[in-house]
Asker: 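Sharing a structure below in structure tokens format, with a few things to ask.
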Protein chains: 2
Amino acid sequence: MSASLPPFPKPQEPTDEPVLLELSAGADEPCLRADAARNRARLLEAATRLVAEHGAAGVTMEAVAAAASVGKGTVFRRFGDRTGLLMALLDHSAQQLQAALLSGPPPLGPGAPPAERLGAFGRAVLRQSVDHLELQLAAQPEPTRRHSFPPQRFLSGHVTLLVRQAVPDADAPLLAQALMGYLDPALVHYLTKDCGMPLERLESGWNDLVERLIRTELP
Amino acid sequence: MSASLPPFPKPQEPTDEPVLLELSAGADEPCLRADAARNRARLLEAATRLVAEHGAAGVTMEAVAAAASVGKGTVFRRFGDRTGLLMALLDHSAQQLQAALLSGPPPLGPGAPPAERLGAFGRAVLRQSVDHLELQLAAQPEPTRRHSFPPQRFLSGHVTLLVRQAVPDADAPLLAQALMGYLDPALVHYLTKDCGMPLERLESGWNDLVERLIRTELP
DNA sequence: CAGTGAAACGGACCGTGGTCCAGTTTTCTT
DNA sequence: AAGAAAACTGGACCACGGTCCGTTTCACTG
């Protein structure tokens, strides 16, 4: 049971090197055999349909494989595990967000003061969370890996940067993690669904949080 | 597949009423049949042994049942699910912490100013987290339920109280959740194990966080 | 000290995530 | 163009979490 060579290469390994600029997922498609690409598309389409029909819980690896007329092993080879498949479904919006952060218009993108960018960032993530809440929750990998997954690292890296700009003498990574914790989909779900808080309250809570953390008044 | 009556009563349901003073778990033992109590003890002992021998991952429901010379159904009847079993293993230290918060000596218990109590609270939870990290991680229920589980609600309720005392005009529950997010075992694991940060850094990060959130200098 | 109903027991059973590998298809090399 | 190497496929297979339900044990009553 000790770590032997993986039976087949995982599509995206948790890398240890800085990932700030790597667009994380989706970059594994370039060299993909014709049939593989075709099947990948079929699988994603099938999964999307299953989500729409039976909710995220209905996305069974076997069901997806069957719906795409493909072997089960293929699903695992392509996406690594269930988490990987779900993440792939979320990938599109994640990439959009990343792009907006890196090169979109202010205040989300570069050009605005850090405090405002942080405010906009929180609102954007909050929105995205409620939009895809079910998937976000289902895609949550086992707790151990949650923070080390590339998209997550990209986001916290981004926040770290902004925090460092706003308060250069603070322990930026730690403050950033505290901020990110507030945006955790599970927390958002709990506060909105179980506690019945409206999204607006979460948003102004975010503003308050940012203001306090960087000791600045947000307009 | 819709919600029918549960096959057998869950040992502790997520209640919706305020739980601030209820000592959460462990209060279900009072009326327990002799054999049930005996088996419960045997199961906990077996589980503890398995954790020591094979790590938390080795705590298989079947293995525990076998090691306790008990049927598998019994394990589920007693603890609801794997999460419940792991939580029961953590219950002792959780209760200790709760007791210390409610009636222990300051600054953890009542009697110190809120800011200092918050500081002590963070250090205590951080310590407890690193002590039982493996179990804490394994016991993490599915994301959806994480925040609604009684022990967690007790802790965030406590923090909410302290925050409200410290900054009466803020949205205390939200600030409290932000603080609690920093103490999430998964985050602690990531920062200490994956990023190699020493516990001391996390602790001073906590102090910094508290100071900023309640806009007060901590001694 | 039976008798009785409720609670606990236990293991067969199921669905799902994940692995493996024998056979096939694609791409590369010469 | 042909053959070999690499990559992909698909379904049989396994382990584990969780459920069901017929059987057994407990604790209370008269």
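The shown structure was predicted, so the numbers you read here are calculated from the model rather than taken from an experiment. So that the names make sense, note that chain A is the first sequence line, chain B the second, and so on, each numbered from 1.
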Asker: Would you kindly give the CG-to-P distance between A:D35 and C:dT24, to the nearest whole Å?
Answerer: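 Going from CG in A:D35 over to P in C:dT24 covers 15 Å.
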Asker: Can you tell me the distance, in whole Å, between the CZ atom of B:F76 and the C1' atom of C:dA12?
Answerer: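 Taking atom C1' of C:dA12 as the reference, CZ of B:F76 is at 14 Å.
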Asker: Taking only the side-chain heavy atoms of A:R77 (C-beta and beyond), determine which of D:dT9, C:dA8, C:dG17 contains the nearest atom.
Answerer: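 Given the options D:dT9, C:dA8, C:dG17, the side chain of A:R77 is closest to D:dT9.
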Asker: Check every strand shown and say whether A:A34 touches a base, only sugar-phosphate, or nothing at a heavy-atom separation below 4.0 Å.
Answerer: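 The answer is sugar-phosphate, as A:A34 gets under 4.0 Å only of primed atoms, P, OP1 or OP2.
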Asker: Ignoring backbone atoms, establish whether B:R33 has a side-chain N or O less than 4.0 Å from OP1 or OP2 of D:dC26.
Answerer: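 No, outside the criterion.
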Asker: In whole angstroms, how far is the P atom of D:dC8 from the CZ atom of A:R38?
Answerer: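 Rounding to the nearest Å, CZ of A:R38 and P of D:dC8 are 13 Å apart.
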Asker: Could A:R123 and A:E203 be called an ion pair, given the rule that one side-chain N must be under 4.0 Å from one carboxylate O?
Answerer: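 A:E203 and A:R123: not salt-bridged.
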Asker: How many Å lie between NE2 on A:H54 and P on C:dG15, as a whole number?
Answerer: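 Atom NE2 in A:H54 sits about 16 Å away from atom P in C:dG15.
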Asker: Rounding to an integer number of Å, can you tell me how far B:R40 CZ sits from D:dC26 C1'?
Answerer: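 Rounding to the nearest Å, CZ of B:R40 and C1' of D:dC26 are 19 Å apart.
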Asker: Parallel under 30°, tilted from 30 to 60°, perpendicular over 60°: which one fits the rings of B:F121 and B:W206?
Answerer: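 The rings of B:F121 and B:W206 sit tilted, inter-plane angle from 30° to 60°.
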Asker: Would you call B:D194-A:R145 a salt bridge at under 4.0 Å N-O?
Answerer: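 Result for this pair is no, no salt bridge flagged.
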Asker: Does the side chain of A:N39 get closer than 4.0 angstrom to OP1 or OP2 of D:dT9 through an N or O atom?
Answerer: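 Yes, such a contact exists.
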Asker: Measure CZ/A:F79 against C1'/C:dG17 and give the value in whole Å, please.
Answerer: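 Answer to the nearest Å: 16 Å.
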Asker: Identify, between A:G71 and A:E62, the residue whose nearest nucleotide on DNA chain D lies closer to the 5' end.
Answerer: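 Going by which nucleotide is closer to the 5' end, it is A:G71.
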Asker: Go through the steps for B:D91 and B:Q95 under the test side chain to side chain donor-acceptor pair (under 3.5 Å), then give the verdict.
Answerer: CA-CA 6 Å; B:D91 196 61; B:Q95 300 244 9; 3.0 Å; yes
Asker: Rounded to whole Å, please give me the gap between NZ in A:K72 and P in D:dT9.
Answerer: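 Those two atoms, NZ and P, are 16 Å apart.
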Asker: Is there a side-chain polar atom (N or O) of A:T74 under 4.0 Å from OP1 or OP2 of D:dC8?
Answerer: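 For D:dC8, OP1/OP2 do not have a side-chain N/O of A:T74 under 4.0 Å.
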Asker: Salt bridge check, B:D184 against A:R146: does any charged N sit closer than 4.0 Å to a carboxylate O?
Answerer: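 Result for this pair is yes, salt bridge flagged.
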Asker: Just the rounded figure in Å: distance from P of C:dG11 to CE of B:M61.
Answerer: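 One finds 16 Å between P of C:dG11 and CE of B:M61, rounded.
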Asker: Are A:R78 and D:dT9 close enough that a side-chain N or O sits under 4.0 Å from OP1 or OP2?
Answerer: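 A:R78 to D:dT9 OP1/OP2: side-chain N or O found under 4.0 Å.
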